[in-house]
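Comments concern the structure below.
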Amino acid sequence: MIKNTYFDLIDQTFYFPQEGFDIEDGNLIFNGVPLRYLIDKYGTPIKLTYLPKIGTQIKRARNLFNKARKTLGYKGKYVYCYCTKSNHFSYVIREVLRHNVQLETSSSFDIDLIRRVYEKGWIDKDLTIVNNGFKPAEYAFKISELINDGFKGVIPVLDNRKELQYYNKWVKKSCNIGIRVATDEEPNFEFYTSRLGIRNAEVLQFYKDEIKGNKKFKLKMLHFFVDTGIKDSIYYWGELKKAVKLYCELKKICPSLTALNIGGGMPIRNSLGFEFDYNYMVREILNLVLSACREEEIPEPDIYTEFGKYTVGESGALIFSVLEQKKQNDAEVWYMVDNSLINTIPDSWSIGERFILLPVNKWKNEYRRVNIGGLSCDNSDYYNSEVHESQVYLPIVEPKAEEPLYLGFFHTGAYQDALSGYGGIKHCLIPAPKHVLIYKDSKGNVVDTLYREEQSSEEMLRILGYVD
Ligand SMILES: Cc1ncc(COP(=O)(O)O)c(C=O)c1O
């Protein structure tokens with residue numbers, strides 16, 4: 001009888017082996033690392049970070065941009081910034097800095113992180129540090145203090161008009177600034193215009209009214225970011241065109257403007273069938289900018305990117321054991337894994353994000369359709385579809401198998417730790433608020449008491465590996 005193995009399924013559906021994934025003795029190899037070896041050594045569940053991938057991604061993006069610049073005769077520079085919020089851990093920041101990238105921050109605690117990184121001697125005061133996000137006073141104050149302390153590469157990017165007042169008040173000498181222009185959302189989205197940034201129609205007037213005559217500020221950067229990422233769609237090209245048009249108009253009245261920051265959003269592989277023509281996209285982005293600048297007879301800008309997911313996403317993986325199979329009716333089989341999917345890959349539960357899912361062993365077994373069940377009691381702690389297929393197929397586990405089936409979710413290195421609160425960290429390092437308990441005493445009076453102070457940056461930086 002012909003056996004239809006899991007290996008056959010993958011081999012016939014995709015190009016396999018492919019970068020980062022191979023099979024040796026029937027077991028999966030991830031970036032050359034035999035996962036069985038790690039499972040035998042550490043047991044499951046395990047979270048893995050394959051650090052060399054970070055450098056590979058940085059080099060690859062630089063090559064893409066530099067190759068395209070050369071082909072097109074694009075004279076502006078290319079500057080790679082790493083968006084810290086996608087993964088704040090010290091080992092990631094250390095690794096990206098080894099590859100000479102610049103940084104982008106998004107919250108007040110991020111500036112404390114920058115201070116630590118400086119104290120450790122990993123950066124000097126010339127590093128470009130782009131500050132994004134809506135800025136409460138504390139964040140803007142810490143940015144101003146960095147500037148006052150001689151960090152020459154700091155570029156606060158104004159999210160709104162009011163933010164400028166902070167730097168007017170706190171920055172002692174002068175500084176570079178940027179403006180984030182708000183993009184319109186994709187047509188099927190719930191809002192029309194992004195809440196982040198200043199409305200396109202207001203930017204020029206704002207510059208004329210409040211920045212142009214102010215000796216303290218030099219407008220250096222126009223920032224724009226499409227939340228849904230870099231895509232070959234009419235929507236993306238339309239938004240980029242609007243931003244470039246604004247850049248050209250601004251440049252004509254603002255000689256200090258030299259940088260166009262196109263944000264993050266470079267996609268990563270979330271399926272073995274993933275297809276994205278990186279070369280084409282990068283070339284077309286630069287081509288669009290270059291053509292507009294030539295038409296308007298202005299020099300083309302330096303291009304800054306803030307790739308988060310692209311830098312760190314493909315370095316991460318999670319390995320689980322299948323503890324048991326549960327057949328709940330004639331058609332549905334559940335593979336129960338030894339951790340919660342909500343807790344480890346929260347994007348899969350909250351925004352339907354998919355990751356590469358592959359078994360580590362049993363590739364020679366036949367396969368079946370399954371649902372993967374997480375350990376929490378939550379009804380929605382499951383995973384049962386992939387990017388290329390609205391179902392999940394995995395090897396059949398023999399009834400009396402000696403070893404369990406091991407499953408890996410791959411390319412999980414961006415955002416999942418922060419969103420799931422790993423160890424107590426938070427998305428964008430926004431601290432947990434102070435907690436007040438309210439109770440009734442024995443006389444029936446309502447009493448309140450402070451149960452816990454607001455989380456401190458020291459606490460978070462300790463978890464992230466910055467405090468010894
Ligand atoms: C301003 C800004 N830059 C960069 C990024 C990074 O995006 P990605 O991780 O998709 O590259 C984000 C993500 O939200 C962002 O808001």
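These figures come from a predicted structure and were not determined experimentally. We use all heavy atoms of the structure for the numbers below, so side chains are in, but hydrogens, waters and symmetry mates are not. One-based numbering, in listed order, for ligands and for the atoms of each.
Using a 4.5 Å cut-off on side-chain heavy atoms (C-beta onward), W122 and S90 make contact.
When every heavy atom of K75 is checked against every heavy atom of R69, the shortest pair comes out as O-NH2, 4.4 Å.
Below 4.0 Å from some heavy atom of K309 lie the following atoms of ligand 1, by number and element: 8 (P), 9 (O), 11 (O). The ligand atoms of ligand 1 that sit less than 4.0 angstrom from a heavy atom of G308 are 8 (P), 9 (O), 11 (O). Close approach of ligand 1 to Y415 (heavy-atom distance below 4.0 Å) involves ligand atoms 6 (C), 7 (O), 8 (P), 9 (O), 13 (C). Atoms of ligand 1 found under 4.0 Å from any heavy atom of K85, numbered from 1 in the order shown, are 12 (C), 13 (C), 14 (O), 15 (C), 16 (O). Residue E306 approaches ligand 1 through these ligand atoms, each under 4.0 Å from one of its heavy atoms: 1 (C), 2 (C), 3 (N), 4 (C), 5 (C), 6 (C), 11 (O). Below 4.0 Å from some heavy atom of F307 lie the following atoms of ligand 1, by number and element: 11 (O).
Heavy-atom distances between G265 and ligand 1 reach below 4.0 Å in at least one pair. Distances shorter than 4.0 angstrom occur between a heavy atom of F225 and an atom of ligand 1.
Counting only heavy atoms of the protein, atom 5 (C) of ligand 1 lies nearest to C83 SG, 3.7 Å. Of all protein heavy atoms, the one closest to atom 1 (C) of ligand 1 is R180 NH1, 3.3 Å.
Looking at Y310 next to ligand 1, no N or O pair under 3.5 Å apart turns up.
The main-chain N or O of Y310 is found under 3.5 Å from a side-chain atom of Q57 such that the two form a donor-acceptor pair. No donor-acceptor distance shorter than 3.5 angstrom exists from the side chain of D381 to the backbone of S340, with no hydrogens or angles considered.
The ring of F16 has its center no closer than 6.0 angstrom to the ring center of F14. With ring centers used as reference points, F409 lies under 6.0 Å from Y383. Taking the six-membered ring for Trp and the full ring otherwise, the centers of Y466 and H88 sit at least 6.0 Å from each other. F21 and F410 have their aromatic ring centers within a separation under 6.0 angstrom.
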